[in-house]
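Just so it is clear: chains get the letters A, B, ... in the order the sequence lines come, proteins before strands, and each one is counted from 1.
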Amino acid sequence: MIELRNLSKRFVTADGPVEALNNVNLTVNDGDIYGIIGMSGAGKSTLVRCINMLERPTEGSVLLDGRDLGALSKKEMQGVRREVTMIFQSFNLLMQSTCLQNVMFPLKLIHTPKAEAEARARELLTTVGLPDKANVYPAQLSGGQQQRVAIARALATRPRVLLCDEATSALDPKTTQSILELIRQINRDTGITVIVITHQMSVVQEICNRVAILEHGSVVEEGDVSQVFSRPRAAATRALVFPDMAEGQMSSGYGQLVRLIFEGSVTIDKPLIASMAMECGIAANILGASTRTVGKREYGYMLIEIPGGPDELARALKYIGNVPNVSVQVEAAYENKGVAE
Amino acid sequence: MNQFAMAFTPDKLEEAWHVFLTEFPLGLWETVYVTVLSTLFAIVIGLPLGILLVAGDEKGIRPMPKPLMKVINVIINFLRSVPFLILIVMVIPLTRAIIGTSIGSVASIVPLVVAAFPFVARLVESSLRELDPNIIEMAQSMGSSTWQIITRVMLPESVPSLVTNFTLAITTILGYTAMSGAMGGGGLGKIAINYGYSRYKYAVLYLAVIVLVLLVQIFQTIGTRLAARLDKRIKK
């Protein structure tokens, strides 16, 4: 189990201190595929580097099975880094070494006998589907193949945690799929805990069971993937789940913004907005709508504007609240929004 | 006929050919071994120094005290800025202490090494700085010690660049041997100066230059091919 407790990281730059992480609290359970998602600059890379102490947190602690990693000596930390390994966006293979030598690299660091290291490396190259590339140099491989070699290398020391830092961001969608499938398979077969750092919603949807949304160095939402994505509470989450629906973009400004989330593919037997107009006399203005598949379930999402004052809003909410499988979220009143923006 | 053309009359050319056959083999040998030995010694000192410059840097893998790095940099810059001719004279006491004399081709190795190791240190520094910092981070994330990062990542990954830069070093040192030849050292430089400058035998001087140029070509070709051959990033 990995626990991040009150984790903060400040960088001192020429323009003054920058708060990269701000009081982050997370718990990753054994066997999880835990997604940490956020826009670029949200602090994802810093966060993942705090987990293996490539970056020392300014405050707070990282606990691996209760052991405080910040308190370990340099030597002990090197040991931990064989239990918590990492793959990268740019693969970071040794370009002057063959694939076999690359996979053997972490084993050579701990002076594993050559024959044993080579056997392990060949076994891992088979696991990642590249048994015939042992003596090939990375430059001769495609990006996806290079990442497979990097995964094999990261698994060489039989780690318990695999950190994936934007591991598929440099790959095309099809290759991304196959790499994610490989990670999921390894997670299933070995029970390894995986922490996935990404800015791609699809990656989290594809393989994660839990997710944390990071914005400006803080966790704004956290929980099971299906739950977080079906009822996104934080604005940052909504922006990630429905990137095409910017907040109140087309609002007339004379009403209240309401979000509707439709669960399941067939949830409604009548046209909600139209019937609300006829039965309640409230003509909602549809600002945007979209659908997403999270896990195996489909979700519809709609942003509407209810004209009028509090009475109309209350009636509308009551009406929608009686429809099964639809949940409602009321946005801050537009005048408040006006101040905030 | 002017003096220059008179240097290339048939009898002068024949005399030059005679010098070529009798004195060039030894001169060539002296130049080659002085160059190669000086380069090797310069690498022996310059390589660790170059590694220190990169690893001990403020942002390096093992930051060293700033004053120490400052001193090293100042010394390197100082040695790099003293003209070689002056340096030869400056290190005469050192040469005498090590070799026992300051005359001859063996003695010329000392000033050559003193002049070349700071140059090599800078070349090594630039080679190692070319390395992708992500690769270093990868090595750290796998639990490498500082020594392992240097020996298993930085140096192996920089081999092609190092070979290219060492080739540059050896051709530069070859040029310096001619200068040290004129200052009491041996080799082709001495022959060129003794015959060409002191006795106006330009034909000998030109022959010596041609041989030196050929030597540079040979070293450069070997170095370039070796670097390309060793570089596994090149798709073959």
side-chain contact (heavy atoms from CB on, under 4.5 Å) evaluation trace for A:M95 with B:I135
CA-CA 10 Å; A:M95 299 308 277; B:I135 295 281; 5.5 Å; no
Closer than 3.5 angstrom, by distance alone: can the side chain of A:Q96 be matched with the main-chain N or O of B:S158 as a donor-acceptor pair?
no
Leading residue by heavy atom contact count with chain B [cutoff under 4.5 Å; candidates A:K75, A:M53, A:K108, A:Q89]
A:K108
Near B:F84 CZ, under 6.0 Å, is it more than 12 heavy atoms from other residues, nucleotides or ligands?
yes
Can you measure from CG (A:L107) to CE (B:M142) and round to the nearest 0.5 angstrom?
10.5 Å
Value rounded to 0.5 Å, distance of CD in B:Q140 from CZ in A:R81:
6.5 Å
State whether the number of non-hydrogen atoms from other residues, nucleotides or ligands found under 6.0 Å of B:F41 atom CZ is greater than 12.
no
Is it true that, when you exclude A:R56 itself, more than 12 heavy atoms of the residues, nucleotides or ligands shown sit nearer than 6.0 Å to its CZ?
yes
Residue part contacting chain B, namely of A:F105, when any heavy atom lies under 4.5 Å:
side chain
Should B:T146 and A:K74 be marked as a side-chain contact (heavy atoms from CB on, under 4.5 Å) after you check the CA-CA gap, both sets of side-chain angles, and the distance that decides it?
CA-CA 11 Å; B:T146 304; A:K74 207 174 167 186; 3.8 Å; yes
Bottom line for A:L163: the part with an atom under 4.5 Å from chain B's heavy atoms is neither
Is the CD atom of B:E130 crowded by more than 12 outside heavy atoms at less than 6.0 Å?
yes
Choice from A:M77, A:R49, A:M86 maximising heavy atom contacts with chain B below 4.5 Å
A:R49
Counting only non-hydrogen atoms closer than 4.5 Å, does A:L54 touch chain B with its backbone (N, CA, C, O), its side chain (CB onward), both, or neither?
side chain
Minimum heavy-atom separation for A:F88 and B:M138, please, with both atom names.
CZ-CA, 3.7 Å
B:R62, CZ: over 12 other non-hydrogen atoms inside 6.0 angstrom
no
Determine whether a donor-acceptor pair (N or O, by modelled atom type, separation under 3.5 Å) exists between the side chain of A:N52 and the backbone of B:S141.
no
Given that the side chain runs from C-beta out, which part of A:V80 has a heavy atom under 4.5 Å from chain B: side chain, backbone, both or neither?
neither
Reported NZ-to-CD distance for the pair B:K232 and A:Q101, which is rounded to 0.5 angstrom
9.5 Å
When every non-hydrogen atom of A:S90 is compared with those of B:N134, the smallest separation belongs to OG-ND2, 3.6 Å
I want to check something: taking the side chain as every heavy atom from C-beta on, are A:L94 and B:R152 in contact at a cut-off of under 4.5 Å?
no
